[in-house]
Amino acid sequence: MALVGESGSGKSVSALSIMQLLPYPLASHPSGSILFKGHELMGVPDKKMRALRGVDISMVFQEPLNSLNPLHSIGKQIAEAITTHFVKSKQEVQARVEELMDVVGLSAQIARLNNLPHEFSGGQQQRIMIAMALANEPDLLIADEPTTAVDVTIQAQILKLLADLQHKMGLGILFITHDLGIVQRIADRAYVMHNGTLVEHGPTADLFANPQNDYTKRLLASEPKGRPEAGDVNAETVMFGQDLKVWFPIKKGIIRRVVDHVKAVDGIQLEVRKGHTLGIVGESGSGKSTLARALLRLERCSGKLEFQGQDILALNGNQVRPLRAKMQIVFQDPFGSLSPRMSVGQIIGEGLEVHEPRLSAPDRMHKVLDVLAEVGLNADMAERYPHEFSGGQRQRISIARALILKPEFIVLDEPTSALDVSVQAQIVDLLRDLQIKYDLTYVFISHDLKVVRALAHDVVVMQNGRVVECGTANEIFDNPREPYTQALMNAAFNLTADESGVLAS
């Protein structure tokens with residue numbers, strides 16, 4: 001069963017209610033009933049719910065990095081899902097952990113069970129969460145946006161994995177998503193939520209073929225459309241990189257001797273012209289985000305890297321700081337990148353305090369209000385805090401924070417991945433408008449190829465830290481040459497989860 005709707009419609013709250021995980025007393029159930037196998041869950045004692053959670057009912061949360069303990073290895077956390085409920089020997093637990101890693105397609109990572117969550121890519125983190133949820137073979141799996149942060153091929157593999165597990169285990173799945181394409185692929189029935197209420201439900205095929213509610217019709221019609229305005233092919237080069245490398249050492253032994261390297265970025269060349277958008281696509285772990293951080297000197301790298309003709313790898317920290325106003329980044333997770341202790345006005349204005357310290361407080365606030373208006377937010381939102389906003393609104397705040405310094409170059413790292421389709425379309429339109437208005441240069445990283453197509457002039461396809469294929473957006477999308485690129489396009493545009501050639505392989 002799929003539960004769909006825009007940000008703030010009540011999907012996740014409904015799922016948390018089943019698990020009795022609402023933040024009491026901030027939220028509660030004045031009435032209603034929740035039946036699981038004919039037994040009432042509403043108001044049951046905590047001890048009984050703890051026995052059900054992770055055994056009969058499991059949940060995969062939307063943001064894996066926020067759900068995984070940053071201080072514990074992934075092997076320990078998967079094992080904990082087992083040992084919390086059952087007494088097993090160390091050998092049995094270890095065997096089950098390795099079996100689960102294999103089940104979710106991470107057999108190659110079994111040697112890294114002692115690594116911490118942040119050492120894995122977003123797609124790998126999500127698979128680790130699924131392994132934990134499936135550890136005790138539950139009857140009901142609640143999946144809250146489990147494919148939001150993963151690329152199209154991994155998305156197809158996760159959907160295939162869930163379908164296979166469902167077939168083997170008789171698993172019931174409540175799938176929460178904003179991706180209507182996924183709903184069509186996997187759901188027997190679909191329920192549409194809006195402002196906390198169900199507006200329409202029924203068999204998926206009937207609902208998509210003949211929606212009755214106006215909101216459902218608008219939701220089905222929403223997706224990023226159009227193409228960017230043609231860029232000037234003779235425009236100056238803003239960012240140029242040649243033979244860029246970011247290698248992370250692998251240390252072993254008591255003295256932590258370096259035995260090898262993880263080659264996250266391995267000899268990449270790229271060029272971004274003024275007013276253009278370079279789209280970077282590839283699977284999780286291909287090195288996209290590492291490359292983005294390297295371009296902004298947020299990650300140590302080697303090779304040649306020039307910004308507006310200046311070699312920025314030769315600069316020290318103090319010399320780079322003035323360039324920060326010209327180079328900005330919008331991160332993938334707006335909630336994680338916005339300080340919960342600062343108001344929106346303070347967050348957006350912080351860059352002005354650093355780069356324009358002589359600006360008076362009233363003038364600074366005036367600029368903050370101006371940029372809030374530019375990204376489609378109201379002036380009264382400046383006094384509120386990030387947790388009071390939806391995902392789409394938080395992403396607009398992140399864009400405003402980058403935009404207020406009037407940068408010339410912005411890296412957008414998966415800025416639409418956690419947003420529903422209608423908000424994705426709004427963010428894409430906003431970014432296109434801002435690019436035209438300020439002649440901005442973007443590097444746009446995404447696993448959503450439909451969004452990339454709507455924004456990018458040129459595209460680089462990455463795999464295992466290297467460039468597989470590059471060219472104009474039309475060349476890459478309409479006539480991909482490399483098998484890997486073709487597989488990405490098939491997974492994104494043409495094939496269903498059951499038919500995908502990527503899955504078959």
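Just so you know, these numbers come straight off a predicted model, no measurement behind them.
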Checking Gln124 against Ile74 for the side-chain contact (heavy atoms from CB on, under 4.5 Å) test, could you report, in this order, the C-alpha distance in whole Å, the side-chain angles of both residues, the deciding distance, and whether it holds?
CA-CA 11 Å; Gln124 290 169 334; Ile74 60 127; over 6 Å; no
Verdict with reasoning, Arg453 to Asp478, per salt bridge (Lys or Arg N to Asp or Glu O under 4.0 Å):
CA-CA 10 Å; Arg453 192 168 197 177; Asp478 298 336; 2.5 Å; yes
Q) Between Arg401 and Glu350, does at least one N-O distance fall below 4.0 Å, as a salt bridge requires? A) no
| said: Ignoring hydrogens and geometry beyond distance, is a side-chain donor-acceptor pair present between Asp458 and Thr472 at under 3.5 Å? | reply: no
*Test side-chain contact (heavy atoms from CB on, under 4.5 Å) on Thr441 and Ile410 and set out the steps.*
CA-CA 6 Å; Thr441 305; Ile410 300 179; over 6 Å; no
Margin query: Given 3.5 Å as the limit, does a donor-acceptor pair link the side chain of Gln77 with the main chain of Asn69, or not?
Written below: yes
Within 6.0 angstrom of His261 NE2, more than 12 heavy atoms from elsewhere: yes
- Can you find a side-chain donor-acceptor pair between Thr485 and Glu469 that sits under 3.5 Å? yes
When you measure from the side chain of Arg293 to the backbone of Leu298, do you find a donor-acceptor pair of N or O atoms at a distance under 3.5 Å? no
Margin query: Taking Glu229's backbone N and O only, do any of them form a donor-acceptor pair with His457's side chain (distance below 3.5 Å, no angle check)?
Written below: yes
Criterion side-chain hydrogen bond (donor to acceptor under 3.5 Å, both in side chains) on Gln109 and Arg112, from CA distance to verdict:
CA-CA 5 Å; Gln109 308 301 326; Arg112 300 176 63 200; 2.8 Å; yes
Original post:
Does atom CZ of Arg300 have more than 12 heavy-atom neighbours, drawn from other residues, nucleotides or ligands, at distances under 6.0 Å?
Top reply: no
Answer yes if the side chains of Gln395 and Thr416 hold a donor-acceptor pair under 3.5 Å, and no otherwise.
no
| Would Leu295 and Phe307 count as a side-chain contact (heavy atoms from CB on, under 4.5 Å) if you check the C-alpha gap in whole Å, the side-chain angles of each, and the deciding distance to 0.1 Å? | CA-CA 9 Å; Leu295 293 178; Phe307 176 68; over 6 Å; no
- Query: Should the heavy atoms of other residues, nucleotides or ligands under 6.0 Å from NZ of Lys274 be counted, would the total exceed 12?
  - Reply: yes
What one should report as the nearest heavy-atom pair of Met193 and Tyr215 is O-CE2, 3.5 Å
Salt bridge (Lys or Arg N to Asp or Glu O under 4.0 Å) between Glu374 and Lys437, worked out
CA-CA 11 Å; Glu374 278 198 299; Lys437 184 174 181 180; 2.8 Å; yes
Side-chain (Asn378) to main-chain (Asp380) donor-acceptor, under 3.5 angstrom = no
ask   = Side-chain donor-acceptor pair under 3.5 Å between Gln463 and Ser286, yes or no?
value = no
Given the options Val461, Asp266, Ile268, Arg466 meets side chain to side chain contact (heavy atoms under 4.5 Å, CB included) only with Asp266
Side-chain donor-acceptor pair present, Gln435, Arg432, cut-off under 3.5 Å
no
Under 3.5 Å, is there a donor on one side chain and an acceptor on the other for Tyr385 and Gln346? no
Can you see whether Glu383 engages Ser343 through a side-chain donor-acceptor pair at a distance of less than 3.5 angstrom?
no
Checking side-chain polar atoms at under 3.5 Å, does Arg396 have a donor or acceptor matched by the opposite partner on Gln426? yes
Correct closest heavy-atom pair for Pro386 and Met342 would be CD-O, 3.5 Å
